[in-house]
Visitor: 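Structure incoming, see below.
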Number of protein chains: 2
Amino acid sequence: MAVKRVTSQDVADYAGVSRTTVSLVLNNVDNIKISPATRQRVLESADTLGYIPDAAAQTLAGRRSRIIGLILTRRPHHIASDVFLTQILNGLFEIVHENGMRLLVDIVEPQHQKEAYLQMARANRIDGILLSGPRADDEALNALEEDGFPAVLIGQLPGANFCSVDVDNRAAARMAVDHLLNLGHTRIACITNANLSYTAAADRLDGYRQALHSRGLAFDPDLVREGDFDVESGYIQMHDLLEKGAQFTAAFVASDALALGAKAALRERGWRIPEQIALVGFDDLPYAQYLDPPLTTVRISAVELARQASAMLFRVMDGDGPACRQITLDTQLIVRKSCGAER
Amino acid sequence: MAVKRVTSQDVADYAGVSRTTVSLVLNNVDNIKISPATRQRVLESADTLGYIPDAAAQTLAGRRSRIIGLILTRRPHHIASDVFLTQILNGLFEIVHENGMRLLVDIVEPQHQKEAYLQMARANRIDGILLSGPRADDEALNALEEDGFPAVLIGQLPGANFCSVDVDNRAAARMAVDHLLNLGHTRIACITNANLSYTAAADRLDGYRQALHSRGLAFDPDLVREGDFDVESGYIQMHDLLEKGAQFTAAFVASDALALGAKAALRERGWRIPEQIALVGFDDLPYAQYLDPPLTTVRISAVELARQASAMLFRVMDGDGPACRQITLDTQLIVRKSCGAER
DNA sequence: GCGTGTTACTAACACGCGTTAGTAGTATAG
DNA sequence: CTATACTACTAACGCGTGTTAGTAACACGC
């Protein structure tokens, strides 16, 4: 059943050297001289014996696990249709693999975050942490900071001086709503992408508000709904807007996923897009351009976001570079048919 | 900076007992008696000192990492819009957390699979492995089996006697195509969900073929295209079908994601769904019902698939239950408007 | 008073590796 | 010919935990 484990001692015996030498050779420790002949012999021995170092032992002795943790702060069912997440994973794997690392993914309910990832950090299970969807009401983050544990936020948390990679959600939302305003719309509904304790959601809503304000338009709470990550919530909230008789000629839905649901609700009631209702989304998910009509949206390169975040994390872990920085990636309004600007 | 680590020795000293006692108390080892007073004292000491066991040391000493690996056999960019994956993750987290485990996610390119997850297994980095998207040309699986390493496939691999959880892709595809045949269609295009070395893709295509055959219809290669996981490939392949002048009145696209892309290609050419072309997808992704028109599709509960797979893996790891079993989950044809059956 | 149990613990080993300090042996300099 | 330096290694410690074998103290029956 369980095959006898091959240890570095076995390799050493087989090659007729000490275990130390085996370790030095296999880890390519420079500044220490090993004769080419010995080196060769060790490598061959390791190969023929099929030696694979024990991860736990390496971690214990070397004080690093070569694993980084990606922590998602959501309710589990919220990720079930989260294409943004898959894009993040895509970008992450690239950089993580380049650095010979592995990825531990975990999700923590907004309630009991403390134990969850703080434990992983303090147990040395991971060398660094990427936190997606930081929330203002998160307490464990402070503990992480006090520990001086390498962490990078995907998203932002004003106040805390964490390393973070993000887009300017506020400005991006303003840009999207400005576009609708420029097209002559004055009554614009808004469905947020999530609960407002998520900073991204709050910022996007604020961008919406600012855009209205800059044109002297009043913020009307009756035109605003709070979404909840998934397609269904987009459908539900748009349905509710229509049900309550809200009057609007355009809608800004702060996530493409929800925009897809909202679109379905509109169509169900017979509204034509963009002729009767103009629609703008957020994220530019891979399927946005294939919707009917193609969705006007704010492009965020989630893949790039992930690349930058992980690259930054590795810099923090190596201890070089400025200890903490905030990176803000560009966004871009992608005009397609759903807003009515393009014919 | 790096806080001084609190070890179990510290707890022992603080409580005035031996390190062994601390270990026995904290791990709730029964069949060994510890006086309530001592137990209490140890627990309090651990609490006040903020003791958190070192994961690597526990793994090394206890010979298990409490981590299971989810391995995806794809090219990284293929997961960028993979909603099926997020559903799997959703289901997985439930069961994995219930069992006090963690999840290491990794993706391996179809080429060099051997090193990738075989290493993780042999390095004892993970206690068990879930393999999504097994391929017929995978060699490392045999090695895993020889090692007797706990593994469960999400999907199937005929020949190998691995534990697996899957749907009957062949029958499900037959059901979908049968539905189109029953509606009177005789020329039905097919776009597979992926390269045919993925068993799921091959099986679904075979189901399509069987359905045609059972009605005495010939299999026409000109009506078939190979997809590649993402929305875009659905668009491209449907575009190609139309470009080449293929004649058909219905299409079976073996993945909702690709169906979304295919739908866009059809609309671009002015084809109306379902009036001129009937469309059936596969997977029943969360957004399928919100498309325009709502997509007729084969429902697979990815969440349930993941639950069953992980539950089975834990059973294998515990060594109880029948060593190896194949579980086949039910599928269901969800009839919506895109096939033209519903008005 | 002796053997047998039971209770409540502990000493000591094992897990497999990284790494530092040190040591023979040989080459080079003065 | 001795002192210094360099090469090519190795012995031994430490990482922090789980676990087995053992021990002192005490109770009990006869």
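The chains referred to below are lettered A, B, ... by the order of the sequence lines, with proteins before strands, and numbering in each begins at 1.
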Visitor: Whole-Å distance between dC15(C) C1' and Asp10(A) CG?
Guide: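 For the pair Asp10(A) CG and dC15(C) C1', the rounded distance is 14 Å.
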Visitor: What pair of heavy atoms forms the shortest contact from Ala306(A) to Ile88(A), and how long is it?
Guide: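 That closest heavy-atom pairing would be CB-O, 3.2 Å.
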Visitor: Check this one for me: any side-chain N or O of Ser8(B) less than 4.0 Å away from OP1 or OP2 of dT17(D)?
Guide: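 Checking dT17(D) against Ser8(B), a side-chain N or O does come within under 4.0 Å of OP1 or OP2.
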Visitor: Looking only at the side chains, is there a donor atom on one of Asp106(B) and His97(A) sitting less than 3.5 Å from an acceptor on the other?
Guide: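 A pair is found: one side chain offers a donor N or O, the other an acceptor, under 3.5 Å apart.
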Visitor: Any chance the side chains of Ser301(A) and Arg307(A) put a donor and an acceptor closer than 3.5 Å?
Guide: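 Result is no, nothing qualifies.
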Visitor: Please report, rounded to the nearest Å, how far the C1' atom of dA8(C) is from the CZ atom of Arg41(B).
Guide: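 These atoms are roughly 12 Å apart.
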Visitor: Looking at Asp127(A), Asn124(A), Thr59(A), which hits side chain to side chain donor-acceptor pair (under 3.5 Å) with Ser65(A)?
Guide: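 Filter result, single survivor: Asp127(A).
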Visitor: Expressed in angstrom and rounded to an integer, what is the separation of Asp54(A) atom CG from dG16(C) atom P?
Guide: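 The distance from CG of Asp54(A) to P of dG16(C) comes to 7 Å, rounded to the nearest Å.
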Visitor: Supply the atom-to-atom distance Asp10(A) CG to Tyr51(A) OH, rounded to the nearest 0.5 angstrom.
Guide: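 Between atom CG of Asp10(A) and atom OH of Tyr51(A) there are 9.5 Å.
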Visitor: When the distance from CG of Leu60(A) to P of dG14(D) is rounded to whole Å, what number comes out?
Guide: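 Taking CG of Leu60(A) and P of dG14(D), I get 14 Å after rounding.
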Visitor: Under 4.0 Å from OP1 or OP2 of dC15(D): is there any side-chain N or O of Thr59(A) that close?
Guide: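 The answer is no; no side-chain N or O of Thr59(A) sits under 4.0 Å from OP1 or OP2.
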Visitor: Consider the side chain of Ile34(A), meaning its heavy atoms from C-beta on, and name the nucleotide among dG18(D), dG18(C), dC9(D) that approaches it most closely.
Guide: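 The listed nucleotide nearest to Ile34(A)'s side chain is dC9(D).
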Visitor: In this structure, how many angstroms lie between the C1' atom of dA8(C) and the CZ atom of Arg39(B), rounded?
Guide: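 The distance from CZ of Arg39(B) to C1' of dA8(C) comes to 11 Å, rounded to the nearest Å.
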Visitor: Could you identify which residues of residues 11-28 of chain B place a heavy atom less than 4.0 Å from some atom of DNA chain D, listed by residue number, or say none?
Guide: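 Contacts with DNA chain D under 4.0 Å: Arg19(B), Thr20(B), Ser23(B), Asn27(B).
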Visitor: Whole angstrom is fine here: how far is it from CZ in Arg125(B) over to C1' in dC17(C)?
Guide: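 Value for this atom pair: 13 Å.
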Visitor: Answer yes if the side chains of Ser197(A) and Asn195(A) hold a donor-acceptor pair under 3.5 Å, and no otherwise.
Guide: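 Result is yes, a qualifying pair exists.
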Visitor: Between Ser35(B) and Thr38(B), do the side chains contain an N or O donor and an N or O acceptor separated by less than 3.5 Å?
Guide: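 Yes, Thr38(B) and Ser35(B) have a side-chain donor paired with an acceptor closer than 3.5 Å.
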Visitor: It should be established whether Gln58(A) places a side-chain nitrogen or oxygen under 4.0 Å from OP1 or OP2 of nucleotide dG18(C).
Guide: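 Result: yes.
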Visitor: With axes from five pairs an end, tell me the bend angle of the helix from dG1(C)-dC30(D) to dG30(C)-dC1(D), nearest 10°.
Guide: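 End-to-end axis angle: 50°.
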Visitor: Verify the distance criterion only: is there a donor paired with an acceptor across the side chains of Gln58(B) and Asp54(B) at less than 3.5 Å?
Guide: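 No - no donor-acceptor pair under 3.5 Å links their side chains.
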Visitor: Considering heavy-atom distances to DNA chain C, does Lys33(B) or Gly62(B) have its closest nucleotide positioned more toward the 5' end?
Guide: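 Going by which nucleotide is closer to the 5' end, it is Lys33(B).
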Visitor: Round to the nearest Å and state the distance from Asn124(B) atom CG to dT17(D) atom C1'.
Guide: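 Rounding to the nearest Å, CG of Asn124(B) and C1' of dT17(D) are 16 Å apart.
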Visitor: Give the rounded distance in Å between these two atoms: CZ of Arg63(A) and P of dG14(D).
Guide: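 That distance rounds to 11 Å.
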Visitor: Using 0.5 Å steps for rounding, measure from the CZ atom of Arg102(A) to the CZ atom of Arg66(A).
Guide: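 Nearest 0.5 Å value for the CZ-CZ distance: 10.0 Å.
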Visitor: Given dG16(D), dC9(C), dG18(D), which nucleotide is nearest the side-chain atoms of Thr38(B)?
Guide: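 Taking heavy atoms from C-beta onward, the closest nucleotide is dC9(C).
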Visitor: Find which nucleotide of DNA chain C each of Thr7(A) and Ile32(A) is nearest to by heavy atoms, and output the residue with the more 5' nucleotide.
Guide: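 Nearest nucleotide further toward 5': that of Thr7(A).
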Visitor: Measure the spacing between OG of Ser310(A) and CG of Leu103(A) and express it to the nearest 0.5 Å.
Guide: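 Ser310(A) atom OG to Leu103(A) atom CG measures 9.0 Å (nearest 0.5 Å).
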